[in-house]
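Okay, structure first, notes after.
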Amino acid sequence: MERNFPLEKVRNIGIIAHIDAGKTTVTERVLFYTGRTYKVGEVHEGTAVMDWMEQERERGITITAAATTCYWREHRINIIDTPGHVDFTAEVERSLRVLDGGVVVFDAVAGVEAQSETVWRQANRYKVPRICFINKMDRIGANFKRTISMIEQRLQGVPLPVQLPLGAEDTYHGVIDILENKAWHFDGKAESNPIEIPIPAPERQAVEEARQTLVAKVAEVDDEIMEAYIEGHEVSAIQLRKALRRVALANKGVPVLCGSALRNMGVQFVLDAVVDYLPSPQELPPTEAIHVNTGEAISCPPSDDAPFSALAFKVVSDPFVGRLVYFRVYSGRMKVGDQVLNATRGKKERIGRLLRMHANRREEIETVDTGEIAATLGLKNTLTGDTLCDPAQPILLESIRFPEPVVSVSIEPKTRADQDKLGEALQKLTEEDPTFKVRHDPETGQTIISGMGELHLEVIVSRLISEFKVAANVGQPRVAYRETITAPAKAEGRFIRQSGGRGQYGHVWLETEPLPRGSGVQFLDVIKGGTIPKQFISAVQAGVIEAAEGGVLAGYPVVDVKISLFDGSYHEVDSSEMAFKMAGSIGFKEVVMKAKPVLLEPIMKLEILTPEQFLGDIIGDLNSRRGQIQAVDAQGETFVIRSLIPLAEAFGYATRLRSLTQGRATHSMEFSHYQELPAALADQVGEKAAGRRHG
């Protein structure tokens, strides 16, 4: 069966950046320029799909543009848009997991910002080849060279500028292509193409030097150019372009372009660079997977003939169209009506309608090939990070890791009618967003929702009200503390009840030791000689895990501990799973209390950009909030303060910063790590928790 589109001409890319760097504007311009190159008759307009989206538009809901497809130079480009705000880090994480390449957008005035670092690290982790676009070259304070050096210093990247700007700030009007030795002028009109002009005389020397530097830098990481360089051969534009592609695909360097998306300058060259320097699914190493039954490693070659495998990377629950699951196919192909296995959940699913997302329309399709990104309706049990595969070859792809939420608020429905609606809406939202968690606090009877930051929870609450029509009262934000231990210990857990008839008997000995941060709770069964029968061990584990969730000091989850079950005893008649579960729970609380437990608090990485005159006030304020200042760097007329601050001290910081600086400073904050809470504060937190339980 013929493929829909040649695999080597497919690009799966994401546009990633710090908030406000201009991602959405870049994406919009990309869609504008590529929208005119749709091949006539390629879009089969399934009327049902169109009508259904019309209704969606009337109601003003947007199914987030998780993926959109466009065409450029005979290539199909699937673009995944990612949010820039740190609270939505999960969106970036899951997008990078399924991308083959990225376009990192920087603001030419601000350069590399805090969130740019996070995104860059995430891209490094998934080994995503990328190109850079330095945007906003027409703004006052734009500085191409400074942004390049920041990419080197702060991101440890190897920037390879393939263009130089013509002019800067209000005189910015074009670019010089270093490879081709050509200058291009933009008139700023959306419908105009770049116009070739002679390279201005004052720039010729700089262009010559920039080309020599580029060739030398590429030669360091590419043998072919190295050979030509040593032998003194002239390197042609074609040779250099091919070498840049090899370097980008090997993640040894990053081609850099510049422009101003808002003024329609330079976006066509970004599209050229996507085609020239970013990989097709074929050019990446085969994706690794694990066979569900045997546990052995299996590779999924990017071929239509291989067994089917795909990763679901986004679930959108829409009140009007149902559940839309976005997925990326790594090998094989899928047809409407196929039965696939969700290997993560061990359930079979039937594929209903398949959709390809276009800029402003959806197209019904019959098959999805290797390397494609598409969406499907009708999968009931599939969540973000699940593997879909051929039932004949059950495999698991590496799932997507998400950070734990750090802020929580209580939420209560206003009326009895809202109660059911709230439960349903929260379930849909947790399916969509893996960093959003919901739990019921049995001691206070409240529903607690947790997320990555104040903004994250604000967005969720506003969606509950506007989209799901739930009226609810929301409490004050609370810090998601954790509990852990600082010393090894041993303790006994006994649950023995003797009342008329059959009794209850469960008895365990547990040993614990601290683990490094981020390890969670590990349970080991090291019982020798069958002092507890096998069938009761999982009950002990369940008791331990349940007790860990509820904590021992102040009701917060216990983390980073290893619990070993090493001894115990049982009764032929009276022992039961229930008794051993209780014994496990009691033993856990006993052993943790002996192991010098402490509270941990989330520490945030805070970066502030401020004019010099407010520097002293901001630093004084940070010190009063237990902030640790790590660096203060001058950046032109402004200063960047990098610091760590406990989340408990950071609530409402945006408002405080605004009033300290007359609204002239900006900040970004993201979770960094958990660390031990000072003893005096730990006591206060414990008292508050006790007050909540008895209140």
Side-chain angles (χ1 to χ4, degrees), residues 11 13-27 29-30 77 79-82 84 92 95-96 99-124 126-139 142-165 168 172 175-179 210 213-214 217-218 221 240-241 243-261 265-279:
R11 301 283 182 274
I13 64 156
I15 297 183
I16 48 185
H18 183 91
I19 190 166
D20 282 348
K23 260 188 327 294
T24 308
T25 318
V26 171
T27 310
R29 294 301 183 272
V30 162
I77 303 176
I79 299 175
I80 297 185
D81 197 13
T82 65
V92 183
S95 302
L96 284 169
L99 292 174
D100 302 332
V103 178
V104 188
V105 181
F106 295 102
D107 176 333
V109 183
V112 174
E113 299 169 87
Q115 191 60 26
S116 324
E117 286 188 53
T118 309
V119 170
W120 195 270
R121 274 201 312 275
Q122 287 171 312
N124 282 346
Y126 291 118
K127 300 188 175 64
V128 176
R130 60 214 95 138
I131 58 176
C132 294
F133 178 58
I134 298 177
N135 191 22
K136 304 193 179 182
M137 283 301 301
D138 57 320
R139 293 254 318 274
N143 190 326
F144 182 72
K145 281 191 177 145
R146 189 183 75 223
T147 307
I148 297 274
S149 68
M150 285 175 86
I151 293 172
E152 282 179 327
Q153 287 157 16
R154 282 188 67 176
L155 304 177
Q156 269 80 58
V158 180
L160 302 168
V162 293
Q163 293 178 341
L164 290 180
Y172 178 74
V175 295
I176 299 168
D177 181 333
I178 298 174
L179 277 66
T213 310
L214 178 65
K217 268 192 160 180
V218 173
V221 286
L240 197 47
R241 190 168 285 117
L244 280 164
R245 180 180 189 83
R246 290 193 294 272
V247 169
L249 297 200
N251 267 310
K252 290 180 178 169
V254 185
V256 183
L257 299 89
C258 64
S260 163
M265 297 180 169
V267 175
Q268 295 100 320
F269 293 129
V270 173
L271 284 162
D272 285 341
V274 166
V275 169
D276 290 339
Y277 306 129
L278 293 181

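As the structure is a computational prediction, the values presented were derived from the model and not from experiment.
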Interatomic distance, [X] atom [atom1] to [Y] atom [atom2] [nearest 0.5 angstrom]:
X	Y	atom1	atom2	value
I79	I15	CD1	CD1	5.0 Å
L240	L160	CG	CG	9.0 Å
C258	D138	SG	CG	11.0 Å
R146	I151	CZ	CD1	12.0 Å
S260	F133	OG	CZ	7.0 Å
T147	I134	OG1	CD1	5.0 Å

Do the side chains of [Y] and [X] get nearer than 4.5 Å, heavy atoms only?
X	Y	result
L257	V162	yes
L155	N124	no
D276	L244	no

Heavy-atom closest pair, residues [X] and [Y]:
X	Y	answer
A210	L164	CB-CD1, 3.9 Å
F144	Q163	CZ-O, 3.4 Å
P129	N251	CA-OD1, 3.6 Å
P165	M137	CB-CE, 3.7 Å
R29	A261	NE-O, 3.1 Å
P255	G253	CD-O, 4.0 Å

With a 3.5 Å distance limit and no angle check, can you tell me whether R241 reaches the backbone of Y277 through a side-chain donor-acceptor pair?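 No, R241 side chain to Y277 backbone: no donor-acceptor pair under 3.5 Å.
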May I have the list of side-chain donor-acceptor pairs in residues 99-110 shorter than 3.5 Å, sequence neighbours left out?
residue : atom : partner : partner atom : Å
D100    : OD1  : R328    : NH1          : 2.8
D100    : OD1  : R328    : NH2          : 3.4
D100    : OD2  : N12     : ND2          : 3.1
D107    : OD1  : V109    : N            : 2.7
D107    : OD1  : A110    : N            : 3.4

Any residue meeting salt bridge (charged side-chain N to carboxylate O under 4.0 Å, His left out) with R11, in chain and number order, not counting sequence neighbours: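 Once residues adjacent in sequence are excluded, R11 has no partner under the salt bridge (charged side-chain N to carboxylate O under 4.0 Å, His left out) criterion.
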Check whether W120 forms a cation-pi arrangement with R130 (NZ or CZ under 6.0 Å from the six-membered ring centre, at most 45° off the ring normal).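 Yes, R130 lies over the aromatic ring of W120.
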I'd like to check the side-chain contact (heavy atoms from CB on, under 4.5 Å) partners of V221; sequence neighbours left out, ordered by chain and number. V247, K252
